[in-house]
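Below: the structure, in structure tokens.
One is the number of the first residue; the rest follow in order along the sequence.
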Amino acid sequence: HEELAQGVDGQFTILVVCTAAAGTAQAILTGSVISYASLFGHPRYIQAVTGGQGLSGFTIALLNFVRAMPNAAEACDVAPSPPASPGADALLAAPSSAADERDVVAGAAAYFGAACLIYLVCIGGYAMLERLPFTIAVIDRAEHAPAVSERASNVSTDASPKPLRAATAPSDAPDTPESPDAHATWHPVHASLGRLLRSLWRQCAAICLIYTVTIAIFPALTSSISSVSADCEWRQLFVPFGFVLFNLCDTIGRNLPCTVRNPSRLLGLVLTRLVCIPLFIACHSAYGAASAQLLGSSDAFPVGLMLVFAI
């Protein structure tokens, strides 16, 4: 412990750098996968990607919850304690024993080992996908789209900007490898980045705010909320349960059909999620004063709020 304490600054610096590098790589990979899915010309392919992301988060959270159950029972058998107001020091508490430290190391190794294995499976799946006749036809169509767009722009003599048109997909169209165009009508256009942003700034702002607000609240703020129940095991499992609940509702929300198509209305709904920040602080949270915890009298408030926020 003394040797680790001496190099704590260096360890923290390395951790921050590695986290930033991993986040950057994840952002590039996610953007690349979504861009690849968009080539297939139907929203359900992109929804499959985002839905899969939610399902992976739910699976990991559920496994962590199951793994925490015996530890919670053991902790309550050894030293049951009454519910107390959470504090920042308690949130950052180190493992209390050598066995706990070994569990943390084993859990981290299992987590990253499973992630590497899944990545290998995904690479193999991508290699198989690239060989399908349907995929080959779609990529060939995408490669010829810029040339078609350039010819169309040269023929047009109207200098005034026209609204961008996306691909339309009839619901009754078949998906066959022989005819990838059967389910999408393509309207290739030649547009600059500025024109795209002027046309899609509401959608872009909505996507940016969704992730910004989510990361600001979950898990940084939600993990600081503790249970006020008298049940010791429930208090121990309250934070892991919050992770399971968020990822479950997030998965459901990602797979729901898109019912709000108006960009301004969509952006307005996204902005309403900002109200969740003071509401979470008003729960039994470490970041709110006791006088401000107006919703801290029951566990139903943070659980219900998590349901609404995640979906």
Side-chain angles (χ1 to χ4, degrees), residues 19 22-23 26 30 47-77 80-81 83-84 86 90-93 95 100 103-115 117-118 210-256 273 275-277 279-288 295-311:
T19 303
Q26 178 64 34
T30 301
Q47 189 175 30
V49 174
T50 58
Q53 289 175 332
L55 183 60
S56 64
F58 170 70
T59 303
I60 294 171
L62 183 61
L63 292 176
N64 287 336
F65 180 79
V66 173
R67 180 177 175 272
M69 292 177 66
N71 295 335
E74 182 181 354
C76 291
D77 292 338
S81 59
L91 296 175
L92 301 177
D100 292 336
D103 289 341
V104 171
V105 173
Y111 177 84
F112 288 107
L117 179 61
I118 292 173
I210 286 174
Y211 285 101
T212 301
V213 176
T214 299
I215 294 174
I217 296 178
F218 177 86
L221 183 56
T222 57
S223 61
S224 70
I225 300 174
S226 64
S227 172
V228 295
S229 173
D231 188 340
C232 178
E233 290 190 20
W234 170 247
R235 293 199 307 272
Q236 296 288 334
L237 295 173
F238 184 75
V239 172
F241 173 77
F243 277 78
V244 174
L245 182 61
F246 173 86
N247 284 281
L248 174 61
C249 295
D250 181 56
T251 303
I252 294 173
R254 288 170 182 261
N255 289 279
L256 288 176
R273 300 177 79 236
V275 180
C276 294
I277 296 178
L279 291 179
F280 274 116
I281 294 177
C283 296
H284 197 242
S285 170
Y287 298 108
L295 305 179
S297 59
S298 173
D299 292 345
F301 293 113
V303 171
L305 187 59
M306 183 72 79
L307 284 170
V308 176
F309 170 72
I311 292 181

* Structure fact -> Sorted by chain and residue number, the side chain to side chain contact (heavy atoms under 4.5 Å, CB included) partners of Thr59 (sequence neighbours excluded) come out as Leu55, Leu63

* Structure fact -> CD (Gln236) and OG (Ser226) are apart, to the nearest 0.5 Å, by 11.0 Å

* To do: For residues Pro240 and Asn64, determine if any side-chain heavy atom of one lies less than 4.5 Å from a side-chain heavy atom of the other.
  => no

* To do: Search all heavy atoms of Val239 against all heavy atoms of Ser223 and return the closest pair with its distance.
  => CG2-O, 3.7 Å

* Which residues pass the side chain to side chain contact (heavy atoms under 4.5 Å, CB included) test with Val49, sequence neighbours left out? -> Val33, Ile34, Ala37

* To do: Please round to the nearest 0.5 Å and tell me the distance separating atom CZ of Phe309 and atom CZ of Phe218.
  => 8.5 Å

* Given Ile217, Leu245, Ile225, the one that forms side chain to side chain contact (heavy atoms under 4.5 Å, CB included) with Met306 -> Leu245

* Asked: Quick one: are Leu305 and Phe301 in side-chain contact, heavy atoms under 4.5 Å?
  -> no

* To do: Please report the shortest heavy-atom distance between Asn247 and Ala61, naming the atom on each side.
  => ND2-CB, 3.6 Å

* For Phe238, which residues count as a ring-ring contact (aromatic ring centres under 6.0 Å, His included) partner, sequence neighbours excluded? -> Trp234

* To do: Only counting residues at least two apart or in another chain, list the ones meeting ring-ring contact (aromatic ring centres under 6.0 Å, His included) with Phe65.
  => none

* **With Thr30 via side chain to side chain donor-acceptor pair (under 3.5 Å) - residues at least two apart** => Gln26

* Structure fact -> Between the CG atom in Leu237 and the CZ atom in Phe243, the distance rounded to the nearest 0.5 Å is 13.0 Å

* Asked: Going through the checks in order, is the side chain to side chain contact (heavy atoms under 4.5 Å, CB included) test met by Thr222 and Phe246?
  -> CA-CA 10 Å; Thr222 57; Phe246 173 86; over 6 Å; no

* What closest approach, in Å, do Asp250 and Gly54 show between heavy atoms, and which atom pair accounts for it? -> OD2-CA, 4.0 Å

* Partner set under side chain to side chain donor-acceptor pair (under 3.5 Å) for Arg273, not counting sequence neighbours -> Thr214

* To do: Give a yes or no answer on whether the side chain of Asn255 reaches the backbone of Gln47 with a donor-acceptor pair at less than 3.5 Å.
  => no

